[in-house]
Each structure stands twice: as structure tokens, then as C-alpha cells.
There are 2 protein chains.
Amino acid sequence: MNEDLYLRNPEETELGRRILKHSVELIYKLGFEDFTFKKLAQVIGSTEAGIYRYFENKHKLLIYITAWYFGWIGFQISYQTNNIEEPKVKLQKIINLLSSPIEDDKQTSYIDESLLHPVIVAEGSKAYLTKQVSANNKLNFFQPYKDLCSLIGNVILEYNSNYKFPKSLASTIIEVAHFQNFFMHNLSSLTDFTRKGKETEIVEFLNDLVFSCIDRN
Amino acid sequence: MNEDLYLRNPEETELGRRILKHSVELIYKLGFEDFTFKKLAQVIGSTEAGIYRYFENKHKLLIYITAWYFGWIGFQISYQTNNIEEPKVKLQKIINLLSSPIEDDKQTSYIDESLLHPVIVAEGSKAYLTKQVSANNKLNFFQPYKDLCSLIGNVILEYNSNYKFPKSLASTIIEVAHFQNFFMHNLSSLTDFTRKGKETEIVEFLNDLVFSCIDRN
DNA sequence: TTTTTATGATAGTAATGCTATTATTTAAAA
DNA sequence: TTTTAAATAATAGCATTACTATCATAAAAA
């Protein structure tokens, strides 16, 4: 994790891990706007000032959580596509992992990925939709997102080296997987997905979308 | 415009129109997070309390502006595709209008669309990415977005009545047009667009994406 | 002309987003 | 084992934000 995202490394201490765990839970419960360090402090039985020793402000914490998610999902993707030869199968696996609600990864005791996924879907883009985006980008806060995008872009080129927009298609896969999920649950008339929680329909849509354009060129 | 979005209709009074005009300018300048009614009041030479007579809070104002944008762009699309027969040409026109920075529409003196477009690109999704999305949706705050989505979905079906995901593809066109624009300007390594401000590259990408999948099915 | 309506001016309050200080506990170094 | 440093808890405080309320005045309708 990028050291400029925190003041004290939250993964190294008990309190730090409690901050991570419960901030995901509390953002899930309240939404990022109503989430405050004071409320978080109450939940974990610490103090506001205590949390400020780890994170400069709640926006940095959101960026940290988002970066953590993209790092983690990037690892999952690398790991699960590692021994796959066919780029087509790789891409399908990627679409699946990005679209489907995730089971808790037992490896990381301090973050519940099944809550992290909806948090990223609803709040993740707020990490970069700010006036500070360029400054934050210079500090490499979005590196895990960029790495994932690059990884997916390379699989796309493996499949079809003539395709002209591998990176844009990669970021489109990530974003579409997330906001179609949000729309399905909250603004369903913006989608064709009939049943809430049926993420397989998003997978079907994305597979059709992606392979249509990279099969053709 | 949905009457539940405001306390007093801002389009009907001079002060109201000043609120709209300068809120777009100030959100463009400061970003939505740093935008406050107090700052806006200073800019327009009124008071905080004066603005609260028009809008309950700044989030309602953002929803209003977003709804206004989608209403306006929906009208532009209807108007400019009105006499076009070919659904293919219609869709291309739609992609163009959604992707390109917009010249100020002289018809609407109180809103500068050339500023509104980047504001929607950067801030628009915050209008619905909240815990109140379902409650707000019940009050039809997002109707103009839904109407636009439905309009585009119908053009897609005109082109190919067998395509399975017209609404999801429609919302994808809208969202992709906006966030690829944001990425191009702020996180360019997430795209393949080499030159900032070259929205024609986004148009090319989207045309390829859209027609690939609806040509095939 | 009266009366409603919109605006301006001012005050005030609870919550938020911090910073600072000191005391206490915990853990590592000597 | 003692010393000392580091981490945490407890508390206070402050500027700003996000509102609400009140009252005076100006302009427009009745």
C-alpha cells in the first residue's frame, strides 16, 4: 500500500485493523457522506483523535479502502487466471470476479470482502471524482486501479492484438461491472436485469459487450 | 422539473436564476465537496438563508442540476434526431451529443451548458450514489435520466429488435461517455485517448463498442 | 391603500472536521 | 528488571458547515 495514504500503517496494529474493518462496515451502513470519524471511534471504542493518527481525513481513508480493493481484486484475478492459457477464458473470469458479489476472503481477517464489494460499487468512484484527482494521481494513489486496468488491457490484446482501445475497454469493464450492479439494486429501470441480486445477468451483458467488439476488429 | 426538488421554483425569479447560473459556475470551480451555500450567497450578493428558500440543501440542488442536464440533453437529442430516419445515424448523433463538450445554448440564458457538461461528468453520479437513492427515486428525482435511457433504448431496438440489453446498453453509453471523458482529462492512463480534449476519440470508441454488439445479435 | 410575498440582515445552534495537550498504558531497549 | 520510548485514551477547543428562526424592508398584487 502507498505510504502517503496513511499516517500510521493500519495493517500493522490491532487498532489500525479495527479501523479498517469497521470503517468498511460503517460506510456500508451509513454511506460515505454520513460516515464520520467520531461515529467510527464510538463503534470501535476508541477516540476521534485516535483515528486521525492513522488517517489524515475520511477521504484519504476512502482512497485507501478503494486502493486496497483494487489491489486485492487484482491479486485475485492474477491468481485465478494464472494457469489459464486461453485469453477468452481469462477475460470471462475477470468479468465474473468484477461483477459478482464476493465471498469473504478468509486470508484477510480484518476486511470483509462481501461488504467491501457493495461499498466500492456505491462509493468507490468518489475516491477520484474530486478536484484533487490530479494531485492525488501524482502521488500514485490510484496505482492499483491503473495496474488492474493495465492487466485487463493486456489480456484484451492477447485475445486480439488489433483492438484499438484496450485500456478504455478495460476501464469500461470495471466501471460497467460496478455501476450496472448499483443500478440493478437501486435504479433498476436503467437496466434489463429483472431480478435483484442476479449478477449473472450483468456477466452475460458484459460478456456480450466485450466479445462483440474484440471479436470483430 | 419535479416540484419536490425545490422549495421555490428557481426558474421563475431573478434570484432563482442567479442561483442556478452561479451554482454551476461555483461547483465547476470548487468541486461539489467544497461548494457551500454561504460561498454561493457571497458570489451572487445574497444570503445563505436566501438560497435555503429555494433549495432544501446542496444535495437537492445537485439533483436539480443533474435532472436539468438530462432533461436538456434529452430535448437536444429528440430535437436533433427528429427528422432522421436511420436508427444508426440517430445512435451516432446520440453518442456525439453525450460525448462532446457542449457549446452554450443561447436559449437558456441562465445556464451555461459548456460548464454544465464538465460539472455533470465530475459530479453527476454523486446525485444518485447515496443511501437516499431509493427514496429519491420514489419521488421521481431521476426521471429525466430514466427518460433519456428509455429513449436511447428504443433507438437501439429500432436498430436491432433482437438485442437483449437495450436499457443496460443505453445507461452504459451515457455513463461511458461521461467517465471516459473524466478519465481522459484526469487519469489518462485508464484510457487510450492520447490528447486531452479530443472527444472525437471517445466517440470513436463508443461507436465501435455499441455497433459491435448490436450488429451481431 | 392594504396586504401579501420575496428578499435582506442578522443571530443562533448542532454537527463536522479537524488540532492540541496531557495522562496513561503498553511494549521494546538498555 | 528497570528505563524509556511509543501508542493510545481522554479531554478540550476551534473554525467551518449545514442548517433554522426572526425581523425588517421593499416590491408587487389585491
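All chains are named by letter (A, B, ...) in the order of the sequence lines, taking the proteins before the strands, and each is independently numbered beginning at 1.
Counting non-hydrogen atoms under 4.0 angstrom, A/F55 reaches nothing in the nucleic acid. Base contact: B/E48 has a heavy atom under 4.0 Å from a base atom.
Spacing between atom CZ of B/F35 and atom P of D/dT16 amounts to 18 Å, rounded to whole angstrom units. Following rounding to the nearest Å, B/K38 (NZ) and C/dG12 (C1') show an atom-to-atom distance of 12 Å. If you take CD of B/Q42 and P of D/dT16, they are 11 Å apart, rounded to a whole angstrom. Nucleotide C/dT16 holds its P atom 8 Å from the CG atom of A/D34, rounded to whole Å. In this structure, CG of A/L40 is placed 14 Å from P of D/dT8, rounded to the nearest angstrom. Rounded to whole Å, the distance from CD1 on B/I19 to P on C/dA6 is 13 Å. Residue A/K39 contributes atom NZ, which lies 13 Å from atom C1' of C/dG17 at whole-angstrom precision. Taking atom CD on B/E33 and atom C1' on D/dA18, their separation rounds to 15 Å, with Å as the unit.
Between B/E204 and B/K198, none of the side-chain N atoms (NZ, or NE/NH1/NH2) sits under 4.0 Å from a carboxylate O, so this pair counts as no salt bridge.
Between A/Y54 and the phosphate of D/dT8, there is a side-chain N or O to OP1/OP2 separation shorter than 4.0 Å. At D/dA18, one or more side-chain N or O atoms of B/K58 fall inside 4.0 Å of OP1 or OP2 (strictly under the cut-off). Taking 4.0 angstrom as the limit, A/T47 places none of its side-chain polar atoms (N or O) nearer than this to OP1 or OP2 of D/dA10.
Residues B/F182 and A/Y128 share a closest heavy-atom pair of CZ-O, 3.3 Å.
Which of C/dC18, C/dA6, D/dT8 sits closest to the side chain of A/T13 comes down to D/dT8. Set against C/dC18, D/dA9, C/dG17, the side chain of A/T36 has C/dG17 as its closest nucleotide.
DNA chain C is contacted by both B/L15 and B/A49; B/L15 maps to the nucleotide lying nearer its 5′ end (nearest heavy atom per residue). Nearest-nucleotide positions on DNA chain D for B/Y52 and A/G16 put A/G16 closer to the 5' end.
Taking 3.5 Å as the limit, the base of D/dA6 and the side chain of A/R53 contain no donor-acceptor pair of atoms between them.
A donor and an acceptor atom, one from each side chain of B/K146 and B/N140, are nowhere located under 3.5 Å apart. B/T172 and A/Q180 share a donor-acceptor pair across their side chains, judged by distance under 3.5 Å alone.
To the nearest 0.5 Å, the span separating CD1 on A/I120 from CH2 on A/W68 amounts to 10.0 Å.
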